[in-house]
Amino acid sequence: MSQATVMERTPAARHFVASAASSVADGSRIGFENVSVTYGALTVLESLTLTVNPGEIVALIGPSGSGKTTALRAVAGFVRPSAGRILIGDRDVTHLAPYDRKTGMVVQNYALFPHMRVEENVAFGLRAHGANGDLIRKRVPECLAMVGMSAYAKRYPRELSGGQQQRVAIARALAPKPQVLLLDEPLSALDAQIRRSMLDELAKLHRDLPNLTVLYVTHDQSEALTLANHIGIMRDGKLKAFGESQSLFRHPPNRFAAEFLGRANLLPVSDLEPTDGQMARVRFGDVTLSAHNYHGVAASGDCLLCVRPHDFRFSHNAAEPNTISGTVISVQWQGDVHCITLNIGGEEVRMTSAPMSSPPRIGELISVYFNPAEVTLVPEDASHG
Amino acid sequence: MLVWSRPWRIAAWALAVPLFLIVYGLPVGVIILASFSGQWNDILPSNLTLVHYAKAFRTDSYDALRASLLTGVIASAAALVCGTWAALALRALDRLPKRILDLFFFIPSAVPSVSVGLALLVAFSQPPFLLNGTAMIVLIAHFILISAFTYGNVTAGLARIPADCEQVAESLGARPFYRLRRVTLPLLLPYLVAAFSLSFALSMGELGATVMIYPPDWVTLPVKIFALSDRGAIFDAATLATILGVATLVVLLGLSRLSTKAMTR
Ligand SMILES: Nc1ncnc2c1ncn2[C@@H]1O[C@H](COP(=O)(O)OP(=O)(O)O)[C@@H](O)[C@H]1O
Ligand SMILES: [Mg+2]
């Protein structure tokens, strides 16, 4: 392990990374055009339309069974759409065999070839494409250096830890210079600490290979927020929300997006009344609050006020604007934060704050406020979603 | 162990070991002892001798050993190739057609071998399928009887190889034949060896079908042993039985070493 880290820091390794960056194929766009997938009567992907631009990381998140893997495998060619088209670059690959698609795929359980050494695993794609020996001898060390696994070339997969196996799987996927990289829950099988450091390394890898187009499937929102330029949120085979990561987090377009990405508090509010700019006034119980009406919810309608747990601050004056009061239901100290649950007008509301030496007591009545520009009004969906 | 207390465990062993020795050990021991004996009138044989072995390797018994080994190897190899091919081909099928074909492959192993022998005898005794009196008909009988086992073994192996490996190989650009050669078959190797071993052992011991159809120039060891013991030449029969057992065991041990090597590579 330490040896690999040393390798990575040497000038030679730096050079490898630099030359590897220039030698990855220019990333290509991934396009889903109304892609549907059905198994018998079951529709597991419903008219998905989505574009991953060249050099971008797009994360698909959603609960288990929402169709994320199906979407990814449709790009790789292992799932045949019942309708729609899939594009890689300008090629329509909908009816192309998987081996003709030039995708790199990394799966949750690594799927290294157990009967081959690490270097042979990495060389596999090159050999399958008929690369000559010189190219293989040059490219395999390059790719192993990219993921910091140079010292393990001669090992067999079963002699590596989970994190190391996943690095090799990534090197193997990158070796034949795929047009797009498909990652299906690549960190889910790793324990929390390794996951954190692998996440950092994936981010670094993409800085080193800025042209690489990545579709990243995960059920973990923090992975998506850390890595992705854009995030798509899936549920029951449908894309419920799609947008630039920060804006999607700050201004979720619907209830499901708000709850799944960042577990927002959603307060039912009424009597919407636009004020200046994109701001609006709403009623919550007998209090009037103002908030950002990013999605332009129609006046006088009912909607939801999305307040992230960290948007709340303690208030010392209940008469201040945007202040609401409630009783403390629970207080949890989690090391770096205090999590407090309040009952505000019958709604359970979660807030977090920096650790306090004397946190509020259960049953105590406290007041909290938020900055109107930091909270968003979310339309109440017509459907259950 | 199901028995926890120490005295009871000792009692259980005290019961199991003699039982095992009587049921498995005694017949094997008697056969081996008989193969070395010149006379056996008392509880133990007298005049221990190697003359039966000398005879076994000088007479047509040697031809029988050769016929058995060749039949075992050829029939098992053919069954391995066909069973593997069938298992790979049928893997992609939907559940219902697969179930039907599974059954079709299973039938020969469920039908008594004597019936298979008789069926072949009847089927191949008329031109244009005149195979009576040829070694070919013996090979075909053995192939029919063992191919079901290879198919079953390989199918079980295919279900157990790591699921994503083959798909990852394909997405890396491996065309079907390349993937088969570099990924599927190597991962399947332990199951292939097991399938071959089982087929070989079955073929070496096959009597029921062979005795119905064997030609004079392709007498297998079991047939020879049957004939000898029928004539009352028990010691010679025991010698051939010992040779048959040892030959089979040697091949199986060799194969199992190969398989261990493949697994731990
Ligand atoms: N081969 C298949 N046959 C039938 N149903 C399938 C098959 N593959 C996936 N599904 C179903 O499709 C749905 C979506 O699966 P998947 O894409 O794996 O979800 P996710 O990756 O989001 O957890 C699930 O309900 C799953 O049961
Ligand atoms: Mg999945």
Side-chain angles (χ1 to χ4, degrees), chain A residues 40 69 72-73 75-79 88 93 96-117 120-131 156-159 165 168-186 189, chain B residues 80 84 87-99 153-154 156-197 255-265:
Chain A
T69 296
L72 181 128
R73 291 191 173 238
V75 179
F78 300 111
V79 170
I88 297 179
V93 298
L96 230 51
Y99 45 81
D100 283 330
R101 293 198 183 196
K102 298 204 171 77
T103 59
M105 188 165 81
V106 175
V107 295
Q108 183 177 345
N109 58 7
Y110 331 125
L112 293 179
F113 306 128
H115 56 293
M116 294 181 199
R117 293 179 193 278
E120 276 308 305
N121 264 280
V122 176
F124 186 90
L126 296 165
R127 291 197 200 283
H129 283 100
Y156 281 104
R158 68 189 135 75
E159 299 165 343
Q165 290 191 44
V168 175
I170 292 167
R172 175 179 66 177
L174 291 175
K177 298 182 193 168
Q179 289 185 301
V180 301
L181 185 62
L182 308 172
L183 302 169
D184 190 358
E185 311 236 1
Chain B
L80 186 67
T84 306
L88 285 168
L90 298 191
R91 180 158 68 139
L93 281 187
D94 279 346
R95 231 167 280 149
L96 185 68
K98 184 163 160 46
R99 285 273 268 286
N153 253 348
V154 176
L158 275 175
R160 282 162 148 233
I161 64 177
D164 289 326
C165 278
E166 295 181 273
Q167 291 197 345
V168 166
E170 223 174 320
S171 84
L172 285 167
R175 285 163 187 282
F177 187 69
Y178 188 83
R179 191 198 67 201
L180 182 69
R181 191 163 62 78
R182 295 279 323 269
V183 180
T184 312
L185 287 182
L187 291 179
L188 218 46
L189 192 60
Y191 301 96
L192 298 181
V193 174
F196 187 88
S197 306
L255 285 171
S256 96
R257 290 212 30 193
L258 190 75
S259 151
T260 322
K261 230 165 143 186
M263 294 275 257
T264 57
R265 202 176 28 169

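Convention: sequence-line order gives letters A, B, ...; per-chain numbering from 1.
The number of heavy atoms from other shown groups lying within 6.0 Å of CZ (B:Arg99) does not exceed 12.
Closest heavy-atom contact between A:Phe78 and B:Gln167: CZ-O, 3.0 Å. Considering all non-hydrogen atoms of both residues, A:His115 and B:Leu187 come closest at ND1-CD2, 3.6 Å. Shown here for A:His129 and B:Gly173, the closest heavy-atom pair between the two residues is CE1-CA, 3.8 Å. In terms of heavy-atom proximity, A:Ala111 sits nearest to B:Cys165 at O-SG, 3.7 Å.
For A:Leu112, the part lying under 4.5 angstrom from a heavy atom of chain B is the backbone only. Both the backbone and the side chain of B:Arg182 have a heavy atom closer than 4.5 Å to some heavy atom of chain A. The part of A:Ala173 that comes within reach of chain B is its backbone (N, CA, C, O), which places non-hydrogen atoms under 4.5 angstrom from that chain.
Partners of A:Tyr99 according to the side-chain contact (heavy atoms from CB on, under 4.5 Å) rule, which considers only residues two or more places apart in sequence or in another chain, are A:Ala97, B:Glu170, B:Arg175, B:Pro176.
In this structure, B:Asp164 CG and A:Arg73 CZ are separated by 5.0 Å, a value rounded to the nearest 0.5 Å. The CG atom of B:Leu172 sits 8.0 Å away from atom OG1 of A:Thr103, with the distance rounded to the nearest 0.5 Å.
When side chains are defined from C-beta on, B:Val168 does not count as touching A:Phe124, because their heavy atoms never get closer than 4.5 Å.
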